Amino acid sequence: MSFRYPGTSRWALSGVSFHVGPGETLALVGVGGAGKSTVAKLQLRFDDPDQGTVRLDGIDLRNLFLSDVRDSVAVVLQETLVFHGTVRDNIAYGRPGATEAEIVAAARAADAHEFVQLLPEGYDTMVGQRGRTLSGGQRRRLAIARTMIRDAPVLLLGEPTTGLDAQSGLRIMDPPRRLMTGRTTIVISHNLLTVRDATRIVVLDRGRVVESGTHDDPLVRGGTYGWLHRLNAVTGPAQAGPSFPRTVPS
Ligand SMILES: Nc1ncnc2c1ncn2[C@@H]1O[C@H](COP(=O)(O)OP(=O)(O)OP(=O)(O)O)[C@@H](O)[C@H]1O
Ligand SMILES: [Mg+2]
């Protein structure tokens, strides 16, 4: 598929093609502006490609009800982690009418139950505008609990890049792993750690696929690691995990 934002002359995505099988995890890797979020937008049908198609179970999204597309694809992206309301509301939003037991089970699976219990009013604690009373890692866990309870078959998962407590840097991948199990997942990533989890890797650069293949493919691995080395020059060493705080390049 190819896609250009209305009113721009540059292709945000150009001749991009990939496929994720049922239950597989695909890592979509690339530096800023590569087109990763654009893929997510097209997957959710906020826009349609100018050329080519985005398909779900082989069906062009344009031939599906929009509500079915949105019900099938759950999103955990940095931008949409927590809304103003109680912790309970934030989790139950994933499935209106969820029982208390379901909410707690989802929170446990997302490693959120412990810290929620320590909040002043537990599950009834209001989390501020854009969740400002919570740490980045806590917000992310709530978003994972919400997605867990939604139980959609397809998952778009952004890696934590900002607002992450350094302490939980490594552990933070555990709840997503639980969430990914049995789902078709696209992980949007700058990071070697998440790439390692993927059954398939697609490297985007300025809207084009520059590497693609399985992690075990030595050619791809060579290319991807080579590419990640170049990336390190921008974001710091990937093998050290999510680097935070990031330094501003001089
Ligand atoms: N709403 C928009 N209108 C016009 N151009 C856009 C818009 N959103 C993104 N772009 C452009 O499309 C290209 C791809 O952007 P995209 O947001 O998909 O990159 P990304 O890989 O998600 O980057 P990042 O890692 O910084 O989130 C960039 O050149 C960007 O400037
Ligand atoms: Mg993005």
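One-based numbering along the sequence shown. Both backbone and side-chain heavy atoms feed into the values below; hydrogens, waters and symmetry mates do not. Since the structure is predicted, the reported quantities are computational estimates derived from the model, not experimental observations. When a ligand or atom number is given, it counts from 1 through the structure's own listing order.
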Tell me whether Ala12 has any N or O atom under 3.5 angstrom from an N or O of ligand 1.
no
Per-atom filter on ligand 1: closer than 4.0 angstrom to a heavy atom of Val31 are 21 (O)
Hey, is the main chain of Glu114 close enough, under 3.5 Å, to the side chain of Gln117 for a donor-acceptor pair?
no
Counting only heavy atoms not in Arg95 (residues, nucleotides, ligands), do more than 12 fall under 6.0 Å from its CZ?
yes
Just do the side chain to side chain contact (heavy atoms under 4.5 Å, CB included) check on Ile201 and Glu211 with the steps written out, would you?
CA-CA 8 Å; Ile201 302 164; Glu211 311 268 358; over 6 Å; no
Phe46 ring centre to Arg70 NZ or CZ under 6.0 Å, with the angle to the axis within 45°?
yes
Taking the side chain as every heavy atom from C-beta outward, state whether Leu142 and Leu134 have any atom pair closer than 4.5 Å.
yes
Hey, is the main chain of Gly15 close enough, under 3.5 Å, to the side chain of Ser2 for a donor-acceptor pair?
yes
At less than 4.0 angstrom from any non-hydrogen atom of Arg10, what atoms of ligand 1 do you find?
29 (O)
Can a non-hydrogen atom of Leu204 be found less than 4.0 Å from any atom of ligand 1?
no
Below 4.0 angstrom, counting only protein heavy atoms, does anything approach atom 30 (C) of ligand 1?
no
Among all protein non-hydrogen atoms, which one is nearest to atom 10 (N) of ligand 1, and what is the separation to 0.1 Å?
Tyr5 CE1, 3.3 Å
When rounded to the nearest 0.5 angstrom, what distance separates NE2 in His113 from CZ in Arg141?
13.5 Å
Would you say Arg206 contacts ligand 1, with heavy atoms under 4.0 Å as the rule?
no
Please state whether Gly30 comes within less than 4.0 angstrom of ligand 1, counting heavy atoms only.
no
Does the protein come close to atom 23 (O) of ligand 1 - that is, does one of its heavy atoms sit below 4.0 Å from that atom?
yes
Tell me whether the count of non-hydrogen atoms from other residues, nucleotides or ligands lying under 6.0 Å of CG in Asn63 goes above 12.
yes
Spacing of Thr38 atom OG1 and Lys41 atom NZ [to the nearest 0.5 Å]
5.0 Å
Between OG1 of Thr25 and CE of Met180, what distance do you get to the nearest 0.5 Å?
3.5 Å
Those atoms of ligand 1 less than 4.0 Å from some heavy atom in Ser37:
17 (O), 18 (O), 20 (P), 22 (O), 27 (O)
Lys36-ligand 1 polar pair, N/O distance under 3.5 Å
yes
Nearest 0.5 angstrom please: Arg150 CZ to Met148 CE, how far?
13.5 Å
Selection from Gly207, Ser189, Gly32 by shortest heavy-atom distance to atom 26 (O) of ligand 1
Gly32
For atom 14 (C) of ligand 1, what's the nearest protein heavy atom and its distance?
Gly33 O, 3.4 Å
Thr38 backbone or side-chain N/O/S under 2.8 Å from the Mg ion (ligand 2)
no
Counting from 1, what ligand 1 atoms have a heavy atom of Thr38 closer than 4.0 Å?
14 (C), 15 (O), 16 (P), 18 (O)
Close-contact set for ligand 1 against Lys41 heavy atoms, below 4.0 Å
8 (N)
In ligand 1, which numbered atoms sit nearer than 4.0 Å to a non-hydrogen atom of Thr8?
4 (C)
